[in-house]
Amino acid sequence: MTAVTGEIISFEEAIQKYDPVLGFEVHVELNTKTKMFSSAPNAFGDVPNTNVTPVDLGLPGVLPVVNGVAVESAIKIGLALNCSIAEKCYFARKNYFYPDTPKNFQTSQYEDPIAYDGSIDIELADGTVFTVEIERAHMEEDAGKLTHMGGSTGRIQGAEYSLVDYNRAGVPLIEIVTKPIEGAGARAPELAKAYVAVIREIVKNLGVSDARMERGNVRCDANVSLRPHGREQFGTRTETKNVNSLRAVEHAVRYEIQRHAAVLDTGTPILQETRHWHEDTRSTTSGRPKSDADDYRYFPEPDLVPVVTNEAWIAKLRAELPEPPAERRKRLQADWEYSDAEFRDVVNAGVMSSIEDTVAAGVSASVARKWWMGEISRRARLAELEPAELGVTPELIVELQGLIDAGRINDKLSRDVLDGVLAGEGTPTEVVEQRGLAVVSDDGPLLEAIDGALAAQPDVAEKIRGGKIQAVGAIVGGVMKATRGQADAGRVRELILQRLGVEG
Amino acid sequence: MTDLIHLSADALAQKLASKEVSAVEVTRAHLDRIGAVDGAINAFLHVNTDEALLVAAGVDRARADDEALHPLAGVPIAVKDLIVTRGQPTTAGSRMLEGWQSPYDATVVRKLRAARMPILGKTNLDEFAMGSSTEHSAYGPTRNPWDLDRIPGGSGGGSAAAVAAFEAPLALGTDTGGSIRQPGAVTGTVGVKPTYGGVSRYGAIAMASSLDQIGPVSRTVLDSALLHEVIGGHDPQDSTSLTDPVGALVEAARRGEVEGMRIGVIRELQGEGYQAGVLARFHESLDLLRSAGAEIVEVSCPNFRYALGAYYLIMPSEASSNLAKYDGVRFGLRVVPDGAPTIERVMGATRAAGFGDEVKRRIILGTYALSAGYYDAYYGSAQQVRTLIQRDFAAAFEQADVLISPTAPTTAFRLGEKLGDPLAMYLNDVATIPANLAGVPGLSLPGGLADEDGLPVGVQLLAPARQDARLYRVGAVLEALLEETWGGPLLARAPHIEETTEVGSR
Amino acid sequence: MAEINRDEVAHLARLAHIDMTDDELGRMAGELAVIVDSIRSISEVAGDDVPATSHPIPLSNVFRDDVVGQTLTNEEALLGAPDDADGRFRVPAILDGE
Ligand SMILES: [Mg+2]
Ligand SMILES: [Zn+2]
């Protein structure tokens, strides 16, 4: 059944022959204080089976009650995805047996999701915009957490037994389902990553989710199918489950395209199944084939009454929405007067919000960009951290830049000052004083260094005297070297020209 | 002392209030009676002796200190073992939950505790409330106090028999398709299914969520009203709970008034399939009501003939899902087959061993009705029929204030008589099911004894949703008129149950 | 509508996670056939214009405030567990060992 697992062809070749069609189911965990249907805390990382009420264990006799905040969060997500909001919708039971599912059914929504028919624009790195159609966003609950024991790898395969913690059972989830995404071609993996990144950004921006993928707050199931170019009918799709980082989403889609193409090339049909993504080998393996056991016997949840919305309620929630990320980006780029390329780099570097805060703290947009895209990004790369995680505050940048503007330090010295501040030696001003980093502004020592530099390069001095003022750079360089950078280059230039009796 | 067990809850409440008797005396009298007769009746799956006496003693102390007490404080009660209770086992009549103890109380149990009513114990029932005879209990059948060879009705046969055998003045039942009313009919007791949402379902082990309702079981209409007011009212833990106040039910029962009321006889709930003695007593009741000034009108509910079919699609569908949680993972029975079985196999073996035949039948039937390809034809159609039945009720209540019918088509049948024929068993609920499908309240009260077998017959009253008070108002009048003709309560004519000397054996 | 035969019951029993012997399957198929036969007509009663009623009393928008309530302790949670370890419910292997 899985004979061709592991055999792939090159991505380029695959795309030459086939047209990929994508689809995503993204589960977003809401950051409500309590669960979807019980008053147990919605909290991460606590002692197992302590954030549970009888409802979360599905004990005999219990009944669910809907968390009102979760419903409002769902509506907000729907609005942010430009969806229609259902006037009336029901919860439904999805029946299947699994030990992490306390009632052996998941309370979800079926025929009438709270939000449907939306779309969002996804901008790729080069500025190309794809519109992704949203089929629906519905409310449901998370399952508990299984830990597989006794096997060598902690995986479900080969495990002797499993342990179940129901702390996560009942955590509110919003499942966002796209319509089939066609026409991405070679950009499919990139689009996949960008789509999930946008969903993450939207729910984070809404404040309804912590949106931390490493904690499973945003989880992606990626559907991939291929069809030969020119054919309209979709191919058989596979669903790669729980691809839980942006990079993994990109790689998993890419891998499945390559794998499907390899299978199709041999004339074998694709098996409709779920696939598991393995980060270590960057490949998928066969999960569970679709079978007649996938009869979920959905029916309206009799223990919960329908959610009925009205215009006033929707309008109130719409008014609470923050500025949509795309509009915010448009506004900031215009305000800051960045070129398209500059702005894209800023977004890709993940420093847009930091720049916004820094500008608000009182420096120009170009200065803020210089700091965040320059020195701070450089340090972040070395530390393998996000720029925002380095501990550089807007206030710190304002103070550093103030020292530069006042001529007390120059750009090069400012890096040493930053070192000192981040090492906890005090404020920039304190570090300048304690480390003796101020620019040499007393002309005496400078003139000494200038005379030395002129004496070392008499031919250059001669050229300058003859009117070749551009040559002054070489002398300035000599002076800066002699003063180990602790001089104001502008002042040095002035003094050299004065010394040689040339008009600047 | 034995006199105490023959008193109504209302009478006991008065004697307690006047300090003529103590709560401990009352509770002990009932515990003694349980010890004496329950070996024959098997109404109780668990007797809660120590806690009941402790609560009673607390009531007596409080009364001595002149603390304000609920009128029913110290009046003991039995609880159907489908309702979860802390400190006592809850089995739902199933092997699946043998020995299981709930870590929480049902909302109705919290209310009983708040009213300081001693809980005598947990009563027998058809497994997970699935049955009309209490023969589907994993712990043996309950016997009808009128004839120990006959069924006490079901699923709440234990609660009805306990009250009929004077083991408890009051009991809680649950009614999904008649499980309070039909046992009431065949044991000569009173049982009420409140308006859906009138009493919280939180802590009642679910069979069919859109049909289940907890309600009172008693020997008098007034006693049911007293208990109904204790357990009714809004509960934020049940999303289907009504926000309406319980209403003045006790007052309605005390006032009892039918003068000028229109009482509608449902044409479709009589005639073929109804025992002659049942119909004879039913028509006597109509005459009495007419004599008291009520106008008897005939109404037609043509879609009631589909009610049983719709019920046997909706109920098992919901049940198949509600009973999925019994899988041997979190609580209850776990059966591990030989070898190194997977959890799937453990679940399959656990559910095979833990559920009885009737439960399995309904789970399979419900799984079928919901499965791909059948949903629209079965479950979907049944929900449409439900709409038609609601419309029938709405039209009937245009013409009548209250509807009336026999509660069950027959008197109590013999143990084992219908066990091999599920369909015949289902027909017992033909008159009670429409109320559950529509959510309207219903009350069954004793209508006398059938001539052919001398066994109790039940009369059912139905009212529009939220108009439970009308049931008590009319029920109290009919009860009084009937008792006048009998010269006392019907249960006074029940045969004597041989008391054993063995006391408190359970 | 399809007859409810032994194979159908076997499939339903698998969906419902109830092991059944051959004997039981046969008996159950017979009983269910009779029951299904008696309720088959339900699908022809109501026209398309009749809405479905899933909840007997119409209510809507019953919500809970997002306020943490009382939880069970770990001991209470595991009290009824057939098997447990490390504060968690212990279950046999999920997949067949190969
Ligand atoms: Mg999904
Ligand atoms: Zn989902």
Side-chain angles (χ1 to χ4, degrees), chain B residues 100-101 103 195-197 210-211 236 239-240 242 303 306 308-310 312-313 320 324 327-334 336 340-344 346-349 351-352 355 360-361 363-365 367-368 371 374 377-378 380-388 390 422-423 436-439 465, chain C residues 1-2 4 8-9 11-21 24 27-28 31-32 34-48 50-59 62-65 72-73 75-83 89-97:
Chain B
W100 180 70
Q101 292 232 10
T195 298
Y196 183 81
S210 76
L211 304 163
S239 305
T240 61
L242 301 177
N303 292 293
Y306 308 115
L308 196 70
Y312 274 95
L313 288 166
S320 71
D327 63 358
V329 172
R330 289 158 300 279
F331 50 80
L333 182 72
R334 172 183 288 184
V336 182
T342 61
I343 182 63
E344 282 245 325
V346 170
M347 286 180 181
R351 291 164 64 78
F355 291 141
K360 290 179 190 172
R361 241 185 323 267
I363 290 175
I364 298 295
L365 183 57
T367 304
Y368 176 64
S371 63
Y374 297 114
Y378 286 152
S381 299
Q383 300 284 39
Q384 286 181 296
V385 169
R386 196 168 188 173
T387 306
L388 297 177
Q390 287 198 328
L423 208 55
N436 298 84
L437 288 171
Chain C
M1 255 164 265
I4 186 152
E8 180 80 43
V9 175
H11 165 66
L12 295 169
R14 268 198 308 280
L15 272 182
H17 284 63
I18 301 175
D19 289 351
M20 283 194 192
T21 62
E24 275 182 289
R27 190 158 40 88
M28 187 75 75
E31 286 163 353
L32 289 182
V34 174
I35 296 168
V36 169
D37 206 50
S38 72
I39 56 186
R40 196 182 296 280
S41 62
I42 288 300
S43 56
E44 282 127 41
V45 175
D48 291 344
V50 178
T53 295
S54 52
H55 297 68
I57 307 287
L59 298 176
V62 175
F63 301 136
R64 180 171 52 75
D65 288 343
L72 295 173
T73 63
E75 294 70 40
E76 286 173 319
L78 295 172
L79 203 64
D83 194 8
F89 296 84
R90 183 179 156 131
V91 296
I94 289 171
L95 297 181
D96 251 326

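Each chain gets a letter, A, B and so on, in the order its sequence line appears, and its residues count up from 1.
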A.B. asks: Using a 4.5 angstrom heavy-atom cutoff, name the option from C:T21, C:V9, C:I39, C:V34 with the most pairs to chain B.
C.D. replies: C:I39
A.B. asks: In terms of heavy-atom proximity below 4.5 Å to chain C, should B:L437 be classed as side chain, backbone, both, or neither?
C.D. replies: backbone
A.B. asks: I want to check something: taking the side chain as every heavy atom from C-beta on, are C:I42 and B:Y378 in contact at a cut-off of under 4.5 Å?
C.D. replies: no
A.B. asks: Measure distances from B:S210 to the heavy atoms of chain C and classify the residue's part below 4.5 Å as side chain, backbone, both or neither.
C.D. replies: both
A.B. asks: Quick one: pull up CD in C:E31 and CD1 in B:I364 and give me the separation to the nearest 0.5 Å.
C.D. replies: 11.5 Å
A.B. asks: Quick one: closest heavy-atom pair of B:Q384 and C:V50, and the distance?
C.D. replies: NE2-O, 2.8 Å
A.B. asks: Contact part of C:L72 toward chain B, heavy-atom cut-off under 4.5 Å: side chain, backbone, both or neither?
C.D. replies: side chain
A.B. asks: Less than 4.5 Å to any heavy atom of chain B: does that hold for the side chain of C:R90, its backbone, both, or neither?
C.D. replies: backbone
A.B. asks: Report which part of C:S38 has an atom under 4.5 Å of a heavy atom belonging to chain B: side chain, backbone, both, or neither.
C.D. replies: side chain
A.B. asks: Just how far is it from atom NE2 of C:H55 to atom OG of B:S239, taken to the nearest 0.5 Å?
C.D. replies: 9.0 Å
A.B. asks: Do the non-hydrogen side-chain atoms of B:Y368 and C:L32 ever get within less than 4.5 Å of each other?
C.D. replies: no
A.B. asks: Heavy-atom distances under 4.5 Å only: say whether B:V329 touches chain C with side chain, backbone, both or neither.
C.D. replies: both
A.B. asks: Could you tell me whether the side chain of B:R330 and the main chain of C:F89 form a donor-acceptor pair under 3.5 Å?
C.D. replies: no
A.B. asks: Which value, rounded to the nearest 0.5 Å, describes the distance between B:K360 atom NZ and C:M20 atom CE?
C.D. replies: 6.0 Å
A.B. asks: Over all heavy atoms of both residues, which pair between B:S381 and C:S43 is shortest? Give the atoms and the distance, please.
C.D. replies: OG-CA, 3.4 Å
A.B. asks: Nearest heavy-atom pair of B:L388 and C:A46: which atoms, and what distance?
C.D. replies: CD1-CB, 3.9 Å
A.B. asks: Please name the pair of heavy atoms, one in B:G328 and one in C:P82, separated by the smallest distance, quoted to 0.1 Å.
C.D. replies: O-CG, 3.4 Å
A.B. asks: Based on non-hydrogen pairs under 4.5 Å, which of C:R64, C:M28, C:E24, C:E76 is most in contact with chain B?
C.D. replies: C:M28
A.B. asks: Do B:R351 and C:D19 make a side-chain contact, defined as non-hydrogen atoms from C-beta onward lying under 4.5 Å apart?
C.D. replies: no
A.B. asks: B:I363 vs C:L12, test: side chain to side chain contact (heavy atoms under 4.5 Å, CB included). Steps then yes/no.
C.D. replies: CA-CA 9 Å; B:I363 290 175; C:L12 295 169; over 6 Å; no
A.B. asks: Can you say whether B:Q390 sits under 4.5 Å from chain C via the side chain, the backbone, both, or neither, judging by heavy atoms?
C.D. replies: side chain
A.B. asks: How close do B:P341 and C:P92 get, heavy atom to heavy atom, and via which atoms?
C.D. replies: O-CB, 3.5 Å
A.B. asks: If you count heavy-atom pairs under 4.5 Å between each of B:G197, B:A324, B:S320, B:A438 and chain C, which one has the most?
C.D. replies: B:A438
A.B. asks: If I measure from the heavy atoms of chain B, does C:D48 come under 4.5 Å with its side chain, its backbone, both, or neither?
C.D. replies: backbone
A.B. asks: How far does CD of B:E344 sit from CZ of C:R14, to the nearest 0.5 angstrom?
C.D. replies: 11.0 Å
A.B. asks: Do you know which of B:P422, B:A465, B:A349 has the most heavy-atom pairs with chain C at a distance under 4.5 angstrom?
C.D. replies: B:A349
A.B. asks: Please flag which part of B:N303 lies under 4.5 Å from any non-hydrogen atom of chain C: side chain, backbone, both or neither.
C.D. replies: side chain
A.B. asks: Just wondering, do B:M347 and C:V91 contact through their side chains at under 4.5 Å, heavy atoms?
C.D. replies: no
A.B. asks: If you define the side chain from C-beta out and look only at heavy atoms, does anything of C:D83 sit under 4.5 Å from B:R334?
C.D. replies: yes
A.B. asks: Find out whether C:I57 and B:T240 are in side-chain contact, i.e. whether some heavy atom of one side chain is under 4.5 Å from a heavy atom of the other.
C.D. replies: no
